[in-house]
Amino acid sequence: MSEDRVKLEPSWKSRVGDWFQRDDMQALSAFLRERKASGARIYPPMAQVFAAFDATPFDAVKVVILGQDPYHGPGQAHGLCFSVRPGVPVPPSLQNMYKEIQRDLGLPPPGHGYLMPWARQGVLLLNAVLTVEDGRAGAHQGKGWEGFTDHVVDVLNREREGLVFMLWGSYAQKKGGIVDPRRHRVLKTTHPSPLSAHRGFLGSGHFSAANTYLIRQGLAPIDWSLPPMAELSH
């Protein structure tokens, strides 16, 4: 996976692009090519693997939400964690996120799961693993993506100040363990999945807490409401 072939947004490429020259990333690239050649359906489409970085340039990041790996159903994943394309049913974890936003901020669910409007306001929707295979959850874990996304979190921690990190569930909390809570606001609770949302996520108040912190930093808060489907620009 050579740096010059990776279509990474310029502000990110200048900070993390050299990571692609590492042996583990070359091995990841070879693995992806082999899986594609063998007929595996890989999600999201390769042109959207780095969509989170395209939508939220380095200096625009205000909030970081860490996910695990992309959705593995057809037409769901498009490069932003928790988000699905317009017209795709809203997955259960995102439904719980909407429930908490409604409880916390009084905003009704939007009727779709397309989170690009958050990304464009500065919410980096980052999965730990950026690819998956059709019907095979976690198929690309342990192949090299985690080191790259750990590096992304490390660079954000060191080179930015005053970010909000939303760490939901033990996996995200471990990945975000490097974040310095003296430099950033770190919000932790259970994962929004139906298995664990009732044990802390629902009632956490993370969305209002993030905005309170951003306002204290002199920044515009995130508008957590989402436009109706008819008004979405894809």
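None of these values were measured; they are calculated from a predicted model.
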> Ignoring hydrogens, what is the shortest heavy-atom contact between Arg160 and Arg183? Give both atom names and the distance.
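Closest approach of Arg160 to Arg183: O-NH2, 3.0 Å.
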> Strictly distance-based, threshold 3.5 Å: is any side-chain N or O of Asp24 a donor or acceptor partner for the main-chain N or O of Gly144?
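No; zero donor-acceptor contacts below 3.5 Å.
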> What's the shortest heavy-atom distance between Pro108 and Gln102, and which atoms?
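So the minimum-distance heavy-atom pair works out to CA-NE2, 4.0 Å.
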> With a 4.5 Å limit on heavy-atom distance, are the side chains of Met166 and Leu66 in contact?
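Heavy-atom side-chain distance check fails, nothing below 4.5 Å.
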> Do Lys62 and Val123 make a side-chain contact, defined as non-hydrogen atoms from C-beta onward lying under 4.5 Å apart?
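The answer is no, as the side chains (C-beta and beyond) never meet within the 4.5 Å cut-off.
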> Looking at the rings of Tyr213 and Phe207, which for Trp means the six-membered one, are their centres under 6.0 Å apart?
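No; Phe207 has its ring centre 6.0 Å or more from that of Tyr213.
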> Between Ser196 and His191, is there a side-chain donor-acceptor contact under 3.5 Å, judged purely by atom types and distance?
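Result is no, nothing qualifies.
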> Side chains of Leu107 and Ile101: does their closest heavy-atom pair fall under 4.5 Å?
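In short, these two side chains touch, coming nearer than 4.5 Å.
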> Quick one: pull up CH2 in Trp224 and CG in Asp104 and give me the separation to the nearest 0.5 Å.
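If I round to the nearest 0.5 Å, the distance is 10.0 Å.
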> Does the Thr189 side chain pair with the main chain of Trp168, one donor and one acceptor, at a distance under 3.5 Å?
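Not at all, since once roles are kept as given, no pair shorter than 3.5 Å links the two residues.
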> Do you know the tightest heavy-atom contact between Asp223 and Gln121?
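Nearest heavy atoms, Asp223 then Gln121: N-OE1, 2.8 Å.
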> Under 4.5 Å between side-chain heavy atoms, hopping through other hydrophobics if needed: is there a path connecting Val64 to Phe50?
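Yes, one cluster joins them.
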> Would you mind reporting whether Val152 and Leu156 have side-chain heavy atoms less than 4.5 Å apart?
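When only atoms from C-beta onward are counted, Val152 and Leu156 do touch, with a gap below 4.5 Å.
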> For the residue pair Glu9 and Ser11, confirm or rule out a side-chain donor-acceptor distance under 3.5 Å.
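Checked: Glu9/Ser11 side chains pair up, N/O donor to acceptor below 3.5 Å.
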> Are Leu219 and Trp118 connected in the hydrophobic side-chain network, where two residues link if heavy atoms are under 4.5 Å apart?
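Per the 4.5 Å side-chain linkage, Leu219 and Trp118 are co-clustered.
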> In terms of ring plane angle, is the pair Phe31 and His140 parallel, tilted or perpendicular, where the classes change at 30° and 60°?
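Perpendicular: the ring planes of Phe31 and His140 meet at over 60°.
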> Do Val129 and Tyr43 share a hydrophobic cluster (ILVMFWY, side-chain heavy atoms under 4.5 Å, transitive)?
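Unlinked, Val129 and Tyr43 end up in two clusters.
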> Output yes when a side-chain donor or acceptor of Asn96 lies under 3.5 Å from a complementary backbone atom of Ala197, and no otherwise.
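Side chain of Asn96 to backbone of Ala197, a donor-acceptor pair under 3.5 Å: no, none is there.
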> Drop me the distance from Leu28's CG to Leu32's CG, to the nearest 0.5 angstrom.
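One finds 4.5 Å between CG of Leu28 and CG of Leu32.
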> Closest approach of Pro194 and Pro92, non-hydrogen atoms and distance?
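The pair with the smallest heavy-atom distance is CG-CB, 3.5 Å.
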> Show your reasoning for whether side-chain contact (heavy atoms from CB on, under 4.5 Å) applies to Arg85 and Gln48.
CA-CA 12 Å; Arg85 301 168 196 269; Gln48 295 178 336; 3.1 Å; yes
> Tell me whether Val164 shares a hydrophobic cluster with Leu105, the cluster being built from Ile, Leu, Val, Met, Phe, Trp, Tyr side chains joined at under 4.5 Å.
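Yes.
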> With the side chain counted from C-beta on, respond yes when Asn157 and Leu163 share a heavy-atom pair under 4.5 Å apart, and no when they do not.
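No, their side chains stay 4.5 Å or more apart.
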> Is any side-chain heavy atom of Pro110 closer than 4.5 Å to one of Pro228?
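Heavy-atom side-chain distance check fails, nothing below 4.5 Å.
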> Report yes or no: do Trp145 and Thr131 form a side-chain donor-acceptor pair below 3.5 Å?
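Yes - a donor-acceptor pair under 3.5 Å links their side chains.
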> Checking Lys175 side chain against Gly67 main chain: does a donor-acceptor pair fall under 3.5 Å?
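Between the backbone of Gly67 and the side chain of Lys175 there is no qualifying donor-acceptor contact (under 3.5 Å).
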> Validate the cation-pi geometry between Arg185 and Phe165: distance from NZ or CZ to the six-membered ring centre under 6.0 Å, angle to the ring axis within 45°.
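No, a cation-pi geometry is absent between Arg185 and Phe165.
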> What verdict does the side-chain contact (heavy atoms from CB on, under 4.5 Å) test give for His72 and Arg136, after you've listed the backbone C-alpha separation in whole Å, the side-chain angles of each residue and the deciding distance to 0.1 Å?
CA-CA 6 Å; His72 56 272; Arg136 296 182 59 214; 5.9 Å; no
> Can you check whether Gly203's main-chain N or O pairs, donor with acceptor, with Glu100's side chain at less than 3.5 Å?
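Checked: pair present.
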> Less than 6.0 angstrom separating the ring centers of Phe82 and Tyr71, yes or no?
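Ring centres of Tyr71 and Phe82 not closer than 6.0 Å.
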> If we ignore hydrogens and angles and just use 3.5 Å, is the side chain of His184 paired with the main-chain N or O of Val186 as donor and acceptor?
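Side chain of His184 to backbone of Val186, a donor-acceptor pair under 3.5 Å: no, none is there.
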> side-chain contact (heavy atoms from CB on, under 4.5 Å) for Leu126 and Thr149? Distances and angles first, verdict last.
CA-CA 8 Å; Leu126 180 66; Thr149 53; 4.1 Å; yes
> Could you tell me whether Glu133 and Arg35 make a salt bridge, using a distance below 4.0 angstrom between a side-chain N and a carboxylate O?
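Salt bridge: yes.
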> Tell me whether the count of non-hydrogen atoms from other residues, nucleotides or ligands lying under 6.0 Å of CG in Asp23 goes above 12.
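Result for CG/Asp23: open.
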> Sub-3.5 Å donor-acceptor pair from the side chain of Asp69 to the main-chain atoms of Gly138, do we have one?
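The answer is yes, because a donor-acceptor pair under 3.5 Å joins these two groups.
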> Taking the side chain as everything from C-beta on, heavy atoms only, tell me whether Leu202 gets closer than 4.5 Å to Lys99.
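Answer yes - side chains close enough.
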> Nearest 0.5 angstrom please: Ser29 OG to Phe20 CZ, how far?
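Output value for this atom pair is 10.0 Å.
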> State, to 0.1 Å, how close Gly113 and Tyr98 come at their nearest heavy-atom pair, and which atoms those are.
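Here Gly113 and Tyr98 meet closest at CA-OH, 3.5 Å.
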> Roughly how far apart are Lys174 NZ and Leu167 CG, rounded to 0.5 Å?
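Rounded to the nearest 0.5 Å, the NZ-CG separation comes out at 14.0 Å.
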> So, the side chain of Arg15 versus the backbone of Phe58: is there a donor-acceptor pair under 3.5 Å, distance only?
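No, Arg15 side chain to Phe58 backbone: no donor-acceptor pair under 3.5 Å.
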> Taking the side chain as C-beta and beyond, is there a heavy-atom pair between Leu214 and Val63 under 4.5 Å?
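The answer is yes, as the side chains (C-beta and beyond) meet within the 4.5 Å cut-off.
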> Rounded to the nearest 0.5 Å, what separates atom CD in Glu231 from atom CG in Leu226?
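Result: 11.5 Å between the selected atoms.
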> Between His78 and Ser83, is any side-chain donor less than 3.5 angstrom from a side-chain acceptor?
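There is such a pair (donor and acceptor under 3.5 Å, judged by atom type) between the side chains of His78 and Ser83.
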> Measuring from Leu130:CG to Phe53:CZ, what's the distance to the nearest 0.5 Å?
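Interatomic distance, Leu130 CG to Phe53 CZ, rounded to 0.5 Å: 6.0 Å.
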> Under a 4.5 Å side-chain heavy-atom rule over Ile, Leu, Val, Met, Phe, Trp and Tyr, are Val90 and Leu195 clustered together?
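They do not share one cluster, since no chain of ILVMFWY contacts under 4.5 Å joins Val90 to Leu195.
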> side-chain contact (heavy atoms from CB on, under 4.5 Å), that's the test. Do Met97 and Phe201 meet it? Break it down for me.
CA-CA 8 Å; Met97 289 162 63; Phe201 180 83; 3.8 Å; yes
